[in-house]
Protein chains: 2
Amino acid sequence: MSQVAVLSAARVPDGAGSETTATRCKSCAVRTTALCASMTDEDLTALSNVGRRRVIPAGQILSWAGDESNLCANVVHGALKVTSTMADGREQIVGLLFPGDFVGQLFEDEMSMTVTAVVETDLCCYSRRAFEGILDQFPRLERMLLKRTMASLNDARNRMLSLGRKSAQERVAGFILELYERSRAAGESQVSIPVSRGEMADYLGLTIETVSRQLTRLRAANIIAFVNGDRDCRILDSLELEQILDQS
Amino acid sequence: MSQVAVLSAARVPDGAGSETTATRCKSCAVRTTALCASMTDEDLTALSNVGRRRVIPAGQILSWAGDESNLCANVVHGALKVTSTMADGREQIVGLLFPGDFVGQLFEDEMSMTVTAVVETDLCCYSRRAFEGILDQFPRLERMLLKRTMASLNDARNRMLSLGRKSAQERVAGFILELYERSRAAGESQVSIPVSRGEMADYLGLTIETVSRQLTRLRAANIIAFVNGDRDCRILDSLELEQILDQS
DNA sequence: GCCCACGCTTGACCCAAGTCAATGAGGCCA
DNA sequence: TGGCCTCATTGACTTGGGTCAAGCGTGGGC
């Protein structure tokens, strides 16, 4: 999953950007999962010289659709949402970005989507122009970006199937399963839902009420169970969840 | 708009592939609109040596989701649909490809979507492996592919907004407008709808009946008018069409 | 020229999901 | 400790678009 967007306001965390060598990059949490994975330790200097760490508080908008596109970034920690909005306020979340994902609209002067932090998020930011320059110098970096963009396109297409053809129950079950895969890959036993019910609705093309009712239904059927409020849940019957998805 | 897929059966048109130089490429209908636009006439030999023309009859499937990914192609003439299908037959068209567009799943061993010709279509096909090799040699080609993939991702995201948040009327009006822009750009005075009502429905996440009713409504409101059957129409009031789209 | 098939339209009815509204459960500040 | 404020849930009702079932028109085969 790699993306396209840009950032405006943010505060700089203590000392970030002050180290001039690539030592900071080498120990970075996303050294092997972000685009940086395509670079050797030596080449990383090219990136570390222009990259600047920023912490974005939850709810803050990094950039509006229509803004000038002058920054791009790797997500280091947290989560971002990429949204498309209509004049009357209807909103669709067209992408969720997690650590290791890339955000920014390259080769374009204008941002086409709005990017917002859904929780407090650490970014490693680059000037868009500078990043494009680095891309020219490192074919392996460009290749990795190409592969990721293709993977994002694939994701987007799968979400089109969901939005165009699946029932509310199937969409909610699918979303829970996506999160389940993500947390299992991270070795966590519990699924933490990183977004509010409203954001889930905006992601799935539903209303808050419908999302809530479907979750209640899954809970009543003993397929999932919430622990400590409504943001963390345990999967009691992942087979049943999968069954809701691909054979109804 | 660039894509991801592979092809299987097809018949070879008279003499295609028999010229060994790039002369054929130079006079190709999509020389300046397909990925080839990134290549100089001299460099084109690299592509023309491995490219093979094929004509795909309307309705023929080029490759199924799950097939081995061993071919890719430029669309020269006609139109393709990229679809995602569920076990029970529900289908979503996740992309329409026109002359100049690229189709194929690079860097992947398996096709993730089904690709079908919606009308008789001419392709310029490459072995996937060979094309990947050419990509390695021509950074400008790779860059153009990257830009197109990013543009496709943007399109896909706009379609997510449509599928997730727009009413039937807005979706149909939006589709007609897309076609209108395309035909205006081609200098045509009439809009020809390249797909059946059923395919329109699969593209818009609606049913045939709903699409038909919405078209009837646009016709009754004197916004569009059909000429010679139901595949060609004239736009009588494009302002009203746009108004249906972005301010309701 | 006739018939059948296929794609499109139209009508009548239904239901999944949206809307509107009330209630509940934390969390935060005074 | 109490009063908000925000977010989630639940209920009652409405509705846009789906479903089912006729018609209709055009084009191809015989």
Side-chain angles (χ1 to χ4, degrees), chain A residues 57-59 81 86 88-92 118-120 162-176 191-221 224-233 244 248, chain B residues 57-59 81 86 88-92 118-119 162-176 192-221 224-233 244 248:
Chain A
K81 62 177 176 183
M86 294 174 64
D88 63 2
R90 277 175 286 173
E91 184 161 308
Q92 177 68 45
V118 292
V119 295
E120 186 178 80
S162 171
L163 293 168
R165 294 302 186 198
K166 292 190 184 172
S167 70
Q169 185 169 41
E170 290 167 330
R171 295 187 208 183
V172 170
F175 182 65
I176 298 290
V191 174
S192 88
I193 302 174
V195 294
S196 69
R197 294 293 186 268
E199 285 164 329
M200 258 181 89
D202 286 343
Y203 185 80
L204 299 172
L206 299 170
T207 58
I208 294 182
E209 294 93 329
T210 301
V211 168
S212 182
R213 277 186 255 266
Q214 294 303 333
L215 287 173
T216 301
R217 215 169 136 181
L218 291 176
R219 191 151 37 86
I224 64 172
F226 282 97
V227 286
N228 312 325
D230 28 50
R231 288 293 191 105
D232 296 278
C233 73
I244 291 174
S248 64
Chain B
K81 64 177 176 182
M86 294 176 63
D88 62 4
R90 278 175 287 173
E91 184 160 307
Q92 177 67 44
V118 293
V119 293
S162 172
L163 293 169
R165 294 303 187 198
K166 291 190 183 172
S167 68
Q169 184 169 40
E170 291 166 331
R171 294 188 211 184
V172 171
F175 183 65
I176 298 290
S192 88
I193 302 174
V195 294
S196 69
R197 295 292 186 270
E199 283 163 330
M200 257 181 90
D202 286 342
Y203 185 78
L204 299 172
L206 299 169
T207 58
I208 293 183
E209 293 93 329
T210 300
V211 167
S212 180
R213 278 186 255 267
Q214 294 303 331
L215 287 173
T216 301
R217 215 169 136 180
L218 292 176
R219 192 152 36 86
I224 63 173
F226 282 96
V227 287
N228 312 326
D230 28 51
R231 287 292 192 105
D232 295 278
C233 72
I244 290 174
S248 62

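Proteins come first, then strands; the chains are lettered A, B, ... in the order of their sequence lines, and each starts at number 1. Every heavy atom of this structure was used, including side-chain atoms; hydrogens, water molecules and symmetry mates were not.
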Problem - B:D232 side chain reached by B:I193 side chain, heavy atoms, under 4.5 Å - result: no
Dump the pairs, protein N or O against N or O of nucleotides 16-18 of chain D, anything under 3.5 Å, distances to one decimal.
residue, atom, partner, partner atom, Å
D:dG17, OP1, B:A168, N, 2.9
D:dG18, OP2, B:T207, N, 3.3
D:dG18, OP2, B:T207, OG1, 3.1
D:dG18, OP2, B:T210, OG1, 2.4

Fill in the blank from the handout: Contacts of A:R231 meeting side chain to side chain contact (heavy atoms under 4.5 Å, CB included) (sequence neighbours excluded), chain-then-number -> A:S196
Problem - Inter-axis angle, terminal five-pair segments of the helix from C:dG1-D:dC30 to C:dA30-D:dT1 [nearest 10°] - result: 30°
Handout entry: Distance test, side-chain N/O of A:S212 to OP1/OP2 of D:dT10, below 4.0 Å
Key = no
Fill in the blank from the handout: Contact span of DNA chain C against chain B, any nucleotide atom under 4.0 Å from a heavy atom, 5' to 3', runs C:dC8 to C:dA12
Exercise for the section: May I have all residue pairs that pass salt bridge (charged side-chain N to carboxylate O under 4.0 Å, His left out) and include part of residues 192-201 of chain B, sequence neighbours excluded? Expected result: B:K81-B:E199
Problem - Contact nearer the 5' end of DNA chain C, comparing A:G229 with A:E209 - result: A:E209
Problem - salt bridge (charged side-chain N to carboxylate O under 4.0 Å, His left out): pairs with one or both residues in residues 210-221 of chain B, sequence neighbours excluded - result: none
Exercise for the section: Look up atom NZ in B:K166 and atom CD in B:E170, then write down how far apart they are to the nearest 0.5 Å. Expected result: 6.5 Å
Practice task
Please answer whether the main-chain N or O of B:S162 pairs with a side-chain N or O of A:Q92 as donor and acceptor at a distance below 3.5 Å.
Solution key: no
What's touching nucleotides 22-25 of chain D from the protein side, N or O pairs under 3.5 Å?
none

Handout entry: Rounded interatomic separation in angstrom, taking CG from A:D230 and P from D:dT10
Key = 11 Å
Exercise for the section: List in chain and number order the residues that pass salt bridge (charged side-chain N to carboxylate O under 4.0 Å, His left out) with B:R165, two or more places apart in sequence or in another chain; answer none if no residue qualifies. Expected result: A:D202
Practice task
Verify side-chain contact (heavy atoms from CB on, under 4.5 Å) between B:L215 and B:F175, making sure each step is shown before the conclusion.
Solution key: CA-CA 11 Å; B:L215 287 173; B:F175 183 65; over 6 Å; no
Problem - Rounded distance in Å - CD1 (A:I208) to P (D:dT9) - result: 10 Å
Problem - Length of the CG-P vector between A:D202 and D:dA8, whole Å - result: 12 Å
Solution key, residues 204-212 of chain A side-chain donor-acceptor pairs under 3.5 Å, sequence neighbours excluded:
residue, atom, partner, partner atom, Å
A:T207, OG1, A:T210, N, 3.3
A:T207, OG1, A:T210, OG1, 3.0

Completion exercise
A:R171 and A:L163 have their tightest heavy-atom pair at NH2-O, 3.2 Å
Problem - Over all atoms of both residues, closest heavy-atom pair of B:F226 and B:I224 - result: CE1-CD1, 4.0 Å
